Amino acid sequence: MKKPDNIRLSEDGRSLIILDQTRLPGETVYLELNSREQLFEAILKLRVRGAPAIGIAAAYGYYLCALENSEREDFFRCMDDAERYLASSRPTAVNLTWALGRMRQTLKRNALLPREELIESLRLEAEAIQAEDIESNIRISENALPLIKDGMGILTHCNAGALATSCYGTALGPMLLAHERGMKIHVYADETRPLLQGARLTAYELMREGIDVTLICDNAANQVMKEGRISAVFVGCDRAARNGDAANKIGTSGLAVLAAYYRIPFYMFAPLSTVDMDTANGSGIKIEERAPEEVTELMFSRRMAPEGVSVYNPAFDVVEHELITGIVTEEGIITAPFEENFTAAFERKKARTEKTDAFDK
Ligand code: MRU
């Protein structure tokens with residue numbers, strides 16, 4: 001699979017180039033972002049979206065803010081403001097605050113370096129976050145490969161593919177890998193109302209790779225499960241709490257309930273950067289509420305609902321850990337008891353990266 005070119009610095013390293021996901025699949029448009037306001041807008045409007053991709057974009061954005069303000073006397077205060085501002089663009093995906101936290105730590109660690117070297121260390125950290133995401137995508141895909149059997153039908157929701165990350169994606173990763181290795185699978189993609197990430201992005205990504213994909217309306221999921229077409233559900237994740245409750249695109253928790261009823265394994269996919277050990281359970285996860293126009297207007301272009309109708313438009317929901325068969329991470333498939341097994345996974349990752357660092361020296 002060709003790696004997506006969805007987030008990168010410009011040649012001169014002074015702006016961020018992103019693929020505008022709101023224009024896909026019809027148009028391939030790249031945007032050059034030069035200010036923190038533009039980046040904020042791009043995250044808020046889902047031009048760059050998907051938990052890992054948001055984190056990577058924000059990390060580069062933080063570096064660009066440092067570059068722009070490097071001469072200011074109140075540089076460090078300015079960076080605190082930039083962090084708060086970027087972090088407020090979307091509340092649910094923890095990768096955003098996780099990546100910004102890493103950038104802040106790098107800033108603090110290198111605060112006494114000459115300004116140019118400090119800025120360079122921030123660029124390197126943003127690049128490291130992106131490189132680690134690529135590595136996690138590959139490991140997640142390999143770890144989930146044994147869950148895939150030739151000929152099976154898999155249901156997915158929203159888009160947890162290459163566009164949402166920097167490589168294979170998370171939930172779509174093992175599907176791409178299975179396909180590359182000659183297995184035949186059939187993917188059912190929920191359209192994912194209201195912004196149609198499934199119809200616009202998942203269907204596009206899978207078709208481009210030559211994987212059989214059938215697009216269904218969100219409310220057809222029950223029917224395709226009842227007809228026996230689905231052997232597993234694979235979905236992404238925006239934030240997993242310590243106890244394993246995990247948020248993903250609105251509609252995911254309903255799928256988990258259906259999967260439990262039909263006894264279909266339900267897997268969520270999350271790099272450890274999506275696991276938030278500071279949040280005890282799903283009730284502590286802030287659910288983003290988005291503009292009513294996303295529901296009342298067809299892709300903001302034609303009104304479908306009566307003027308003045310009241311709208312509730314939560315963007316995510318939380319799957320109770322009891323309904324999750326496993327959460328696939330770069331350190332293996334985590335099953336209950338989640339807290340204990342997440343802790344062990346973080347320890348494995350730490351030991352593995354320390355070993356690689358020592359080897360690199
Ligand atoms: O609102 P979105 O499109 O950013 O929501 C994205 C999802 O819910 C994805 O499933 C999740 O971020 C995982 S992406 C690897």
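Each ligand, and each atom within it, is numbered from 1 in the order the structure gives. This is a predicted model, so every value here is computed, not measured.
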S.K.: Which ILVMFWY residues are connected to Val309, directly or by a chain of links, through side-chain heavy atoms under 4.5 Å apart?
M.R.: Val295, Val311
S.K.: Relative to Tyr204, does Arg200 satisfy both conditions: NZ or CZ under 6.0 angstrom from the six-membered ring centre, and within 45 degrees of the ring's axis?
M.R.: no
S.K.: Could you work out the complete set of other residues in the hydrophobic cluster of Val94, with links drawn between I, L, V, M, F, W and Y side chains under 4.5 Å apart?
M.R.: none
S.K.: Measure and list all N/O to N/O distances between ligand 1 and the protein that fall under 3.5 angstrom.
M.R.:
| unit_1 | atom_1 | unit_2 | atom_2 | d |
| --- | --- | --- | --- | --- |
| ligand 1 | 1 (O) | Arg90 | NH1 | 3.4 |
| ligand 1 | 1 (O) | Arg90 | NH2 | 2.8 |
| ligand 1 | 1 (O) | Lys249 | NZ | 2.8 |
| ligand 1 | 3 (O) | Arg49 | NE | 2.4 |
| ligand 1 | 3 (O) | Arg49 | NH2 | 3.4 |
| ligand 1 | 3 (O) | Gln197 | NE2 | 2.9 |
| ligand 1 | 4 (O) | Gly50 | N | 3.1 |
| ligand 1 | 4 (O) | Arg90 | NH1 | 2.8 |
| ligand 1 | 8 (O) | Asp238 | OD1 | 2.9 |
| ligand 1 | 8 (O) | Asn248 | OD1 | 3.0 |
| ligand 1 | 8 (O) | Lys249 | N | 3.3 |
| ligand 1 | 10 (O) | Asn248 | OD1 | 2.6 |
| ligand 1 | 12 (O) | Ala51 | N | 2.8 |
| ligand 1 | 12 (O) | Asp238 | OD1 | 3.2 |
| ligand 1 | 12 (O) | Asp238 | OD2 | 2.9 |

S.K.: Measuring from atom CZ of Phe269 to atom CG of Asn143, what distance do you get when rounded to the nearest 0.5 angstrom?
M.R.: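 Output value for this atom pair is 9.5 Å.
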S.K.: Applying ring pair (Phe, Tyr, Trp, His ring centres under 6.0 Å) as the test, list every pair that has at least one member in residues 46-72; sequence neighbours left out.
M.R.: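 Sorted pair list comes back empty.
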S.K.: May I ask you to decide whether Asp80 forms a salt bridge with Arg77, counting only side-chain N to carboxylate O separations under 4.0 Å?
M.R.: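 Salt bridge: no.
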